[in-house]
Asks: 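Below: one structure in C-alpha coordinates.
Chain letters run A, B, ... following the sequence lines, proteins first and then strands; every chain starts at 1. Source: prediction; values computed, not measured. Computed over heavy atoms, backbone and side chain alike; hydrogens, waters and symmetry mates excluded.
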Amino acid sequence: ETGVTQTPRHLVMGMTNKKSLKCEQHLGHNAMYWYKQSAKKPLELMFVYSLEERVENNSVPSRFSPECPNSSHLFLHLHTLQPEDSALYLCASSQGRNDPSPLHFGNGTRLTVT
Amino acid sequence: AQKITQTQPGMFVQEKEAVTLDCTYDTSDPSYGLFWYKQPSSGEMIFLIYQGSYDQQNATEGRYSLNFQKARKSANLVISASQLGDSAMYFCAMREGRSGYSTLTFGKGTMLLVSP
(Lines give C-alpha, C1' and ligand atoms only; values in the text may rest on other atoms or scores of the structure.)
Protein backbone atom coordinates (compact mmCIF):
# COMPACT_ATOMS: atom_id res chain seq x y z
CA GLU A 1 0.00 0.00 0.00
CA THR A 2 1.29 3.47 -0.85
CA GLY A 3 0.61 7.05 0.22
CA VAL A 4 -1.29 8.14 3.29
CA THR A 5 -4.14 5.97 4.58
CA GLN A 6 -6.78 7.14 7.04
CA THR A 7 -9.33 5.02 8.86
CA PRO A 8 -12.21 5.07 9.29
CA ARG A 9 -13.50 7.01 6.28
CA HIS A 10 -16.69 7.93 8.12
CA LEU A 11 -17.44 8.11 11.83
CA VAL A 12 -20.60 9.01 13.71
CA MET A 13 -20.26 9.40 17.45
CA GLY A 14 -22.23 10.72 20.37
CA MET A 15 -20.90 13.46 22.58
CA THR A 16 -20.05 11.02 25.37
CA ASN A 17 -18.22 8.49 23.19
CA LYS A 18 -14.50 7.90 22.92
CA LYS A 19 -13.09 7.08 19.50
CA SER A 20 -9.78 7.29 17.65
CA LEU A 21 -8.80 8.26 14.13
CA LYS A 22 -5.87 6.45 12.60
CA CYS A 23 -3.39 7.60 9.99
CA GLU A 24 -0.57 5.60 8.40
CA GLN A 25 1.96 6.84 5.86
CA HIS A 26 3.99 4.57 3.59
CA LEU A 27 6.21 7.31 2.13
CA GLY A 28 9.11 7.24 4.58
CA HIS A 29 8.35 10.80 5.69
CA ASN A 30 9.48 12.23 9.02
CA ALA A 31 6.69 14.71 9.78
CA MET A 32 2.95 14.12 10.21
CA TYR A 33 0.06 16.53 10.59
CA TRP A 34 -3.62 16.71 11.56
CA TYR A 35 -5.78 19.29 9.81
CA LYS A 36 -9.47 20.05 10.35
CA GLN A 37 -11.66 21.05 7.41
CA SER A 38 -15.02 22.59 8.29
CA ALA A 39 -17.59 23.80 5.79
CA LYS A 40 -16.78 27.20 4.27
CA LYS A 41 -13.63 27.62 6.35
CA PRO A 42 -9.97 27.23 5.40
CA LEU A 43 -8.16 24.11 6.53
CA GLU A 44 -7.04 24.56 10.12
CA LEU A 45 -3.78 23.07 11.33
CA MET A 46 -4.28 21.15 14.56
CA PHE A 47 -1.06 19.30 15.37
CA VAL A 48 2.37 18.69 13.88
CA TYR A 49 4.75 15.88 14.74
CA SER A 50 8.33 16.06 13.49
CA LEU A 51 10.57 13.06 14.15
CA GLU A 52 7.83 11.70 16.43
CA GLU A 53 7.91 14.78 18.65
CA ARG A 54 4.95 17.14 18.83
CA VAL A 55 6.20 20.49 17.58
CA GLU A 56 2.96 22.42 17.13
CA ASN A 57 -0.38 22.48 18.89
CA ASN A 58 -2.59 25.21 17.53
CA SER A 59 -4.72 25.91 20.61
CA VAL A 60 -6.70 22.75 20.06
CA PRO A 61 -9.16 21.83 22.85
CA SER A 62 -8.02 19.00 25.12
CA ARG A 63 -10.89 16.80 23.93
CA PHE A 64 -8.60 16.14 20.94
CA SER A 65 -5.51 14.18 21.92
CA PRO A 66 -2.87 13.22 19.32
CA GLU A 67 -0.46 10.33 19.53
CA CYS A 68 2.51 9.51 17.31
CA PRO A 69 4.00 6.14 18.34
CA ASN A 70 6.42 6.07 15.38
CA SER A 71 7.17 8.01 12.21
CA SER A 72 4.63 6.02 10.17
CA HIS A 73 1.59 6.22 12.44
CA LEU A 74 -0.48 9.06 13.82
CA PHE A 75 -3.64 8.88 15.91
CA LEU A 76 -6.21 11.42 17.01
CA HIS A 77 -8.05 10.35 20.13
CA LEU A 78 -11.47 11.91 20.58
CA HIS A 79 -13.56 12.20 23.74
CA THR A 80 -16.58 14.26 24.84
CA LEU A 81 -16.77 16.04 21.51
CA GLN A 82 -19.23 18.80 20.62
CA PRO A 83 -21.47 19.01 17.53
CA GLU A 84 -19.30 21.84 16.16
CA ASP A 85 -16.42 19.35 15.99
CA SER A 86 -18.17 17.68 13.05
CA ALA A 87 -15.80 18.10 10.11
CA LEU A 88 -13.44 16.35 7.74
CA TYR A 89 -10.20 15.47 9.53
CA LEU A 90 -7.24 15.21 7.23
CA CYS A 91 -3.91 13.61 8.00
CA ALA A 92 -0.79 14.54 6.05
CA SER A 93 2.90 13.75 5.97
CA SER A 94 6.00 15.42 4.55
CA GLN A 95 9.71 14.80 4.28
CA GLY A 96 11.99 17.26 5.99
CA ARG A 97 12.28 20.79 4.73
CA ASN A 98 13.99 20.48 1.37
CA ASP A 99 11.86 22.48 -1.06
CA PRO A 100 9.24 21.91 -2.13
CA SER A 101 8.46 19.28 0.51
CA PRO A 102 4.69 19.33 -0.11
CA LEU A 103 2.23 17.77 2.27
CA HIS A 104 0.82 14.43 1.13
CA PHE A 105 -2.73 14.01 2.39
CA GLY A 106 -4.95 11.05 3.11
CA ASN A 107 -8.60 10.84 2.06
CA GLY A 108 -9.75 12.09 5.43
CA THR A 109 -12.22 10.92 8.06
CA ARG A 110 -15.67 12.50 7.86
CA LEU A 111 -16.69 12.92 11.51
CA THR A 112 -20.26 13.61 12.61
CA VAL A 113 -20.93 14.33 16.29
CA THR A 114 -24.54 13.83 17.33
CA ALA B 1 -5.65 39.49 8.45
CA GLN B 2 -5.93 36.57 6.09
CA LYS B 3 -2.62 35.26 4.88
CA ILE B 4 -4.09 33.58 1.81
CA THR B 5 -7.00 35.11 -0.10
CA GLN B 6 -8.94 33.36 -2.80
CA THR B 7 -11.61 35.77 -3.99
CA GLN B 8 -13.46 33.41 -6.35
CA PRO B 9 -15.84 31.08 -4.49
CA GLY B 10 -16.74 29.41 -7.79
CA MET B 11 -15.58 29.36 -11.39
CA PHE B 12 -17.09 27.85 -14.53
CA VAL B 13 -15.15 26.89 -17.63
CA GLN B 14 -15.91 24.93 -20.76
CA GLU B 15 -13.97 21.83 -21.58
CA LYS B 16 -10.71 22.49 -23.50
CA GLU B 17 -10.57 26.13 -22.45
CA ALA B 18 -8.05 27.68 -20.06
CA VAL B 19 -8.99 29.03 -16.65
CA THR B 20 -7.18 31.14 -14.07
CA LEU B 21 -7.79 30.75 -10.34
CA ASP B 22 -6.71 33.72 -8.26
CA CYS B 23 -4.61 33.70 -5.10
CA THR B 24 -3.04 36.57 -3.19
CA TYR B 25 -0.92 36.18 -0.10
CA ASP B 26 0.42 38.25 2.74
CA THR B 27 3.76 37.69 4.41
CA SER B 28 6.75 39.69 5.62
CA ASP B 29 9.04 36.67 5.51
CA PRO B 30 11.45 36.83 2.54
CA SER B 31 11.57 33.03 2.37
CA TYR B 32 8.25 31.34 1.60
CA GLY B 33 6.66 28.79 -0.68
CA LEU B 34 3.33 28.76 -2.44
CA PHE B 35 1.37 25.60 -3.20
CA TRP B 36 -1.78 24.68 -5.06
CA TYR B 37 -3.85 21.66 -4.13
CA LYS B 38 -6.87 20.04 -5.77
CA GLN B 39 -9.60 18.41 -3.70
CA PRO B 40 -12.10 16.26 -5.62
CA SER B 41 -15.34 15.13 -4.02
CA SER B 42 -13.51 12.08 -2.65
CA GLY B 43 -11.86 14.39 -0.10
CA GLU B 44 -8.18 13.75 -0.75
CA MET B 45 -5.99 16.83 -1.18
CA ILE B 46 -3.78 16.39 -4.24
CA PHE B 47 -0.61 18.46 -4.60
CA LEU B 48 -0.43 20.19 -8.00
CA ILE B 49 2.35 22.75 -8.16
CA TYR B 50 4.87 24.69 -6.08
CA GLN B 51 6.54 28.10 -6.39
CA GLY B 52 9.39 29.19 -4.13
CA SER B 53 9.81 32.86 -3.27
CA TYR B 54 13.30 32.91 -4.77
CA ASP B 55 12.39 31.07 -7.96
CA GLN B 56 13.10 33.24 -10.99
CA GLN B 57 10.73 31.46 -13.34
CA ASN B 58 7.07 30.61 -13.07
CA ALA B 59 6.46 26.99 -12.12
CA THR B 60 4.86 24.63 -14.62
CA GLU B 61 3.60 21.04 -14.24
CA GLY B 62 1.93 19.64 -17.31
CA ARG B 63 -1.35 21.55 -17.84
CA TYR B 64 -0.80 23.56 -14.64
CA SER B 65 1.22 26.74 -14.48
CA LEU B 66 1.63 29.32 -11.78
CA ASN B 67 1.54 33.01 -12.65
CA PHE B 68 3.79 34.33 -9.88
CA GLN B 69 3.84 38.11 -9.47
CA LYS B 70 5.98 38.72 -6.40
CA ALA B 71 5.54 42.49 -6.20
CA ARG B 72 1.77 42.09 -6.26
CA LYS B 73 1.93 39.08 -3.92
CA SER B 74 -0.15 36.98 -6.23
CA ALA B 75 0.23 33.35 -7.28
CA ASN B 76 -2.56 32.52 -9.71
CA LEU B 77 -3.04 28.98 -10.99
CA VAL B 78 -3.61 28.58 -14.71
CA ILE B 79 -5.13 25.34 -15.98
CA SER B 80 -4.86 24.94 -19.72
CA ALA B 81 -7.11 22.72 -21.86
CA SER B 82 -9.60 22.03 -19.04
CA GLN B 83 -10.94 18.52 -18.67
CA LEU B 84 -14.13 17.28 -17.00
CA GLY B 85 -11.97 15.62 -14.36
CA ASP B 86 -10.63 19.02 -13.34
CA SER B 87 -13.92 19.80 -11.59
CA ALA B 88 -12.96 20.08 -7.92
CA MET B 89 -12.09 22.49 -5.13
CA TYR B 90 -8.74 24.21 -5.54
CA PHE B 91 -6.76 25.54 -2.60
CA CYS B 92 -3.85 27.93 -2.52
CA ALA B 93 -1.49 27.55 0.44
CA MET B 94 1.67 29.18 1.79
CA ARG B 95 4.60 28.04 3.88
CA GLU B 96 6.61 30.74 5.64
CA GLY B 97 10.13 30.61 6.97
CA ARG B 98 12.34 27.59 7.33
CA SER B 99 11.98 24.72 9.73
CA GLY B 100 12.33 20.98 9.76
CA TYR B 101 8.70 20.51 8.76
CA SER B 102 6.25 22.07 6.36
CA THR B 103 3.32 23.90 7.99
CA LEU B 104 0.92 25.29 5.40
CA THR B 105 -1.71 28.03 5.71
CA PHE B 106 -4.60 27.52 3.31
CA GLY B 107 -7.09 29.81 1.59
CA LYS B 108 -10.83 29.13 1.55
CA GLY B 109 -10.68 27.58 -1.89
CA THR B 110 -12.32 27.97 -5.29
CA MET B 111 -14.82 25.47 -6.67
CA LEU B 112 -14.12 24.85 -10.36
CA LEU B 113 -16.80 23.32 -12.57
CA VAL B 114 -15.87 22.18 -16.05
CA SER B 115 -18.76 21.76 -18.47
CA PRO B 116 -18.82 19.72 -21.70
Side-chain angles (χ1 to χ4, degrees), chain A residues 2-11 23 27 29-58 68 71 74 87-111, chain B residues 1-7 9-10 23-26 31-56 59-61 64 66 68 75 88-111:
Chain A
T2 59
V4 181
T5 304
Q6 289 186 245
T7 56
R9 290 297 308 276
H10 301 272
L11 178 62
C23 176
L27 300 168
H29 289 167
N30 59 14
M32 296 188 76
Y33 310 74
W34 281 116
Y35 275 86
K36 176 183 178 183
Q37 186 177 27
S38 306
K40 298 183 180 179
K41 291 176 69 175
L43 272 76
E44 301 170 67
L45 178 65
M46 299 176 73
F47 302 103
V48 181
Y49 278 82
S50 178
L51 300 172
E52 299 161 40
E53 181 180 337
R54 191 191 310 181
V55 292
E56 286 204 30
N57 175 350
N58 274 11
C68 187
S71 60
L74 185 65
L88 180 68
Y89 289 85
L90 290 162
C91 173
S93 68
S94 71
Q95 178 56 36
R97 185 51 184 82
N98 294 324
D99 288 335
S101 190
L103 300 185
H104 293 257
F105 286 86
N107 285 335
T109 294
R110 175 70 64 187
L111 173 67
Chain B
Q2 288 186 38
K3 291 201 169 187
I4 295 286
T5 303
Q6 294 181 255
T7 57
C23 173
T24 57
Y25 59 92
D26 183 25
S31 177
Y32 56 89
L34 297 158
F35 300 76
W36 276 92
Y37 281 82
K38 171 185 178 181
Q39 187 180 39
S41 56
S42 61
E44 182 183 5
M45 296 281 283
I46 302 167
F47 166 65
L48 296 178
I49 196 166
Y50 166 82
Q51 181 85 43
S53 59
Y54 296 117
D55 293 344
Q56 296 296 313
T60 60
E61 286 289 347
Y64 304 108
L66 205 151
F68 181 46
M89 281 290 290
Y90 288 81
F91 293 93
C92 180
M94 176 173 63
R95 177 183 63 218
E96 296 173 278
R98 305 193 68 82
S99 65
Y101 48 94
S102 191
T103 305
L104 299 186
T105 303
F106 285 82
K108 290 186 176 181
T110 296
M111 172 65 79

Asks: Enter the distance from B/F35:CZ to A/S101:OG here, rounded to the nearest 0.5 Å.
Replies: 7.0 Å
Asks: Suppose we screen for side-chain contact (heavy atoms from CB on, under 4.5 Å). Which residues come up paired with A/E44, at least two apart in sequence or across chains?
Replies: A/K36, A/S38, A/K41
Asks: Below 4.5 Å, heavy atoms only, C-beta onward: do A/L103 and B/M45 meet side chain to side chain?
Replies: no
Asks: Could you look at A/Q37 and say if it's the side chain, the backbone, both or neither that has a heavy atom under 4.5 Å from chain B?
Replies: side chain
Asks: Given that the side chain runs from C-beta out, which part of A/R110 has a heavy atom under 4.5 Å from chain B: side chain, backbone, both or neither?
Replies: neither
Asks: Which region of B/Q51, side chain (C-beta onward) or backbone (N, CA, C, O), has a non-hydrogen atom less than 4.5 Å from a non-hydrogen atom of chain A, or is it both or neither?
Replies: neither
Asks: Roughly how far apart are A/L45 CG and B/L104 CG, rounded to 0.5 Å?
Replies: 9.0 Å
Asks: In Å, rounded to the nearest 0.5 Å, how long is the span from CG of A/L43 to NZ of B/K108?
Replies: 13.0 Å
Asks: Of all residues at least two apart in sequence or in a different chain, which pass the ring-ring contact (aromatic ring centres under 6.0 Å, His included) check with A/F105?
Replies: A/Y35, B/Y37
